Amino acid sequence: MIPPAFDYHAPRSVADAIKLLGDLGSDAKLLAGGHSLLPMMKLRFAQPAHLIDLNRIDALRGIREDGGTVVIGAMTVENELIASSVLAAKVPLLAEAAKQIADPQVRNRGTIGGDIAHGDPGNDHPAIAIALDATFVLQGPKGTRQVAAGGFFHGTYMTEMAEDEILTEIRVPAFAPKTGYAYEKLKRKTGDWATAAAAVVLRIDGGKVSHARIALTNVAPTALRAADAEAALLGKPLSDTTIADAAAKAMAICDPAEDLRGDREYKTAMAGQMVKRALAKAAARCK
Ligand SMILES: Cc1cc2nc3c(=O)[nH]c(=O)nc-3n(C[C@H](O)[C@H](O)[C@H](O)COP(=O)(O)OP(=O)(O)OC[C@H]3O[C@@H](n4cnc5c(N)ncnc54)[C@H](O)[C@@H]3O)c2cc1C
């Protein structure tokens with residue numbers, strides 16, 4: 001299908017993009033990789049009169065270190081995450097998980113910022129960002145603010161970001177030594193969204209869990225942080241029993257929609273399985 005007609009704008013700076021957003025109001029949409037927005041326009045679910053293309057703003061691309069934090073420009077594409085030596089050394093979960101997103105064509109154009117800003121519970125970056133304790137930098141006419149990933153996702157396609165703001169950076173704390181990690185994703189076929197997936201970041205000190213983050217993809221209207229599951233692990237050794245308890249607590253917060261990927265019971269059960277697998281893999285990497 002052909003999308004409805006729109007005017008095209010290609011600013012060269014974040015300031016110019018924010019000015020355009022303010023001037024054009026709710027008739028305008030930001031364009032990043034286009035792999036979520038353009039399908040929605042073709043289906044006429046979105047009919048913006050103006051597209052503001054962020055692709056010519058160099059300042060929004062790239063991966064750099066800022067002290068103990070890794071800073072990722074919102075327009076950085078999935079393949080750049082996968083190829084990044086900084087991420088491989090400092091936040092390997094992100095590089096590894098990006099390989100599980102969509103297919104090579106989508107990963108060439110799709111951006112981490114677009115994946116997060118879209119607010120789709122099926123997208124993988126929201127849960128990964130929550131597990132990583134990431135912070136999102138939002139820039140708008142009133143200035144810049146930072147929002148924790150855990151408080152950013154309000155509902156399906158609804159986020160903390162205002163209509164006149166741009167997501168400019170994703171800031172992620174570098175892993176402490178001996179941090180274990182995993183993103184376990186069940187999908188029907190290559191390139192599919194998750195039936196259910198779990199992101200885990202884990203540290204074990206003296207045989208007991210000292211840090212646990214568990215977040216879930218596509219089993220509720222937003223990505224979920226499984227806080228009760230995390231709390232159930234803290235201070236305890238990781239065993240079949242504690243892993244099963246954490247998985248049960250993660251399943252208890254699932255509220256998936258039934259669709260072609262499965263019914264509610266199946267998706268909830270698969271979320272539990274993904275938590276078990278991710279915890280076991282992360283534990284093996286805590287060395
Ligand atoms: C076949 C296929 C399979 C896919 N499979 C997966 C998958 O398995 N996992 C997954 O996570 N995703 C998947 N996707 C989605 C893909 O990752 C998209 O690229 C992503 O959801 C959106 O990123 P984008 O850069 O393409 O953004 P766009 O489509 O350009 O934009 C998406 C939305 O975000 C807004 N936006 C974009 N950038 C910003 C910004 N910097 N600040 C504020 N708002 C912004 C836009 O205005 C728009 O509303 C798939 C897509 C396709 C086509």
Side-chain angles (χ1 to χ4, degrees), residues 3 6 8-11 13-14 17-18 20-21 24 26-43 45-57 59-61 72-82 94 97-130 136-140 144-145 147 152-153 156-170 183 185-197 199 215-218 222-223 261:
F6 54 85
Y8 175 80
H9 309 264
S13 70
V14 173
I18 290 169
L20 276 166
L21 259 187
L24 300 170
S26 56
D27 278 347
K29 270 268 174 205
L30 297 169
L31 174 68
H35 274 299
S36 290
L37 181 56
L38 296 185
M40 290 189 100
M41 289 172 64
K42 288 180 177 182
L43 292 167
F45 291 146
Q47 305 198 26
H50 301 272
L51 281 189
I52 302 171
D53 188 349
L54 299 177
N55 281 280
R56 287 183 177 76
I57 305 178
L60 289 177
R61 285 192 196 282
I72 305 160
M75 287 297 292
T76 306
V77 302
E78 305 295 350
N79 275 343
E80 291 169 319
L81 303 181
I82 292 167
L94 202 38
K99 289 180 194 161
Q100 302 183 51
I101 292 178
D103 54 49
Q105 277 176 301
V106 173
R107 293 196 291 264
N108 268 326
R109 295 289 300 178
T111 65
I112 182 171
D115 198 274
I116 289 165
H118 195 45
D120 184 337
N123 279 1
D124 295 290
H125 278 296
I128 296 162
I130 291 169
F136 303 146
V137 181
L138 307 178
Q139 210 171 317
T144 299
R145 64 187 177 119
V147 179
F152 184 76
F153 302 100
T156 301
Y157 305 127
M158 287 186 288
T159 70
E160 173 66 21
M161 198 166 47
E163 220 172 53
D164 56 2
E165 287 182 311
I166 296 177
L167 171 61
T168 56
E169 285 175 358
I170 295 90
Y183 189 60
K185 176 175 175 178
L186 177 69
K187 49 187 175 179
R188 296 172 302 174
K189 59 184 175 62
T190 298
D192 196 15
W193 280 265
T195 301
L216 308 172
T217 297
N218 221 7
T222 67
R261 292 186 184 86

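Atoms within a ligand are numbered from 1 in the order they appear, just like the ligands themselves. Not measured: the values here are computed from a predicted model.
One option in Leu167, Asn123, Thr159, Leu138 has a heavy atom closer to atom 12 (N) of ligand 1 than any other, and that option is Asn123. Comparing heavy-atom distances from atom 23 (O) of ligand 1 across Pro48, Ala98, Gly114, Gly73 singles out Gly114 as nearest. Among Glu78, Arg109, Lys185, Glu165, the residue whose heavy atom sits closest to atom 8 (O) of ligand 1 is Lys185.
To the nearest 0.5 Å, the span separating CG on Leu37 from CG on Leu30 amounts to 9.0 Å. Put simply, CD on Glu160 and CG on Leu167 are 12.5 Å apart, with the number rounded to the nearest 0.5 Å. Between the CG atom of Leu138 and the OG1 atom of Thr144 there is a distance of 9.0 Å, given to the nearest 0.5 Å. The line from CD1 of Ile170 to CD1 of Ile112 is 4.5 Å long, rounded to the nearest 0.5 Å. Taking CG of Leu186 as the reference point, atom CZ of Arg261 lies at 10.5 Å (rounded to 0.5 Å).
In terms of protein heavy atoms, atom 47 (O) of ligand 1 is closest to Leu30 O, 2.6 Å. What sits closest to atom 9 (N) of ligand 1 on the protein, heavy atoms only, is Asp124 OD2, 2.6 Å. Scanning the protein for heavy atoms near atom 53 (C) of ligand 1, the closest one is His35 O, 3.5 Å. Given atom 21 (O) of ligand 1, the protein heavy atom at minimum distance is Ser36 OG, 2.7 Å. Ranking the protein heavy atoms by distance from atom 50 (C) of ligand 1 puts Trp193 CZ2, 3.1 Å first. The protein heavy-atom contact nearest to atom 39 (C) of ligand 1 is Ala117 CB, 4.0 Å. Of all protein heavy atoms, the one closest to atom 28 (P) of ligand 1 is Gly34 N, 3.4 Å. For atom 49 (O) of ligand 1, the closest non-hydrogen atom on the protein side is Lys29 NZ, 3.3 Å.
Of all the atoms in ligand 1, the ones that sit under 4.0 Å from a non-hydrogen atom of Gly191 are 3 (C), 4 (C), 5 (N). For ligand 1, the atoms closer than 4.0 angstrom to any heavy atom of Gly110 are 19 (O), 25 (O), 26 (O). Those atoms of ligand 1 with a heavy atom of Asp192 less than 4.0 angstrom away are 8 (O). The distance from ligand 1 to the heavy atoms of Val106 drops below 4.0 Å at these ligand atoms: 2 (C), 16 (C), 51 (C), 52 (C), 53 (C).
In terms of polar-atom proximity, defined here as any N/O pair under 3.5 Å, Asp115 does make such a contact with ligand 1. Residue Gly33 has at least one N or O atom closer than 3.5 Å to an N or O atom of ligand 1. Polar contact with ligand 1: present for Ala32 (N/O pair, distance under 3.5 Å). Where the criterion is an N or O separation shorter than 3.5 Å, residue side chain and backbone included, Gly122 fails it with respect to ligand 1.
Ser36 is not listed as a side-chain neighbour of Asp120, based on a closest heavy-atom distance of 4.5 Å or more. At least one side-chain heavy atom of Ile116 sits under 4.5 Å from a side-chain heavy atom of Phe153.
Under the 3.5 Å distance criterion, the side-chain polar atoms of Asp115 are matched with a main-chain donor or acceptor of His125. With hydrogens and angles ignored, the 3.5 Å screen pairs a side-chain donor or acceptor of Arg107 with a backbone N or O of Ala102.
Between the side chains of Asn218 and Trp193, no donor N or O sits under 3.5 Å from an acceptor N or O. For the 3.5 Å distance criterion, the side chains of Glu78 and His35 fail to qualify, holding no donor opposite an acceptor.
Ligand 1 is never approached by Met40 to a heavy-atom distance shorter than 4.0 Å. Under a 4.0 angstrom heavy-atom cut-off, Leu60 registers as lying outside contact with ligand 1.
Looking at Leu54 against ligand 1, only its side chain comes within 4.0 Å, counting heavy atoms. Within the 4.0 Å heavy-atom criterion, both parts of Leu37, backbone and side chain, lie near ligand 1. The proximity of Met161 to ligand 1, defined as any non-hydrogen pair under 4.0 Å, is limited to the side chain.
In this structure, His9 and His50 have tilted ring planes: the angle between them lies in the 30° to 60° band.
The heavy-atom pair separating Gly34 from Pro39 by the smallest distance is O-CD, 3.3 Å.
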I'd like to know whether His118 forms a ring-ring contact (aromatic ring centres under 6.0 Å, His included) with Tyr157, so could you lay out the CA-CA distance, the side-chain angles of the two residues, the decisive distance to 0.1 Å, and finally the verdict.
CA-CA 6 Å; His118 195 45; Tyr157 305 127; 5.1 Å; yes
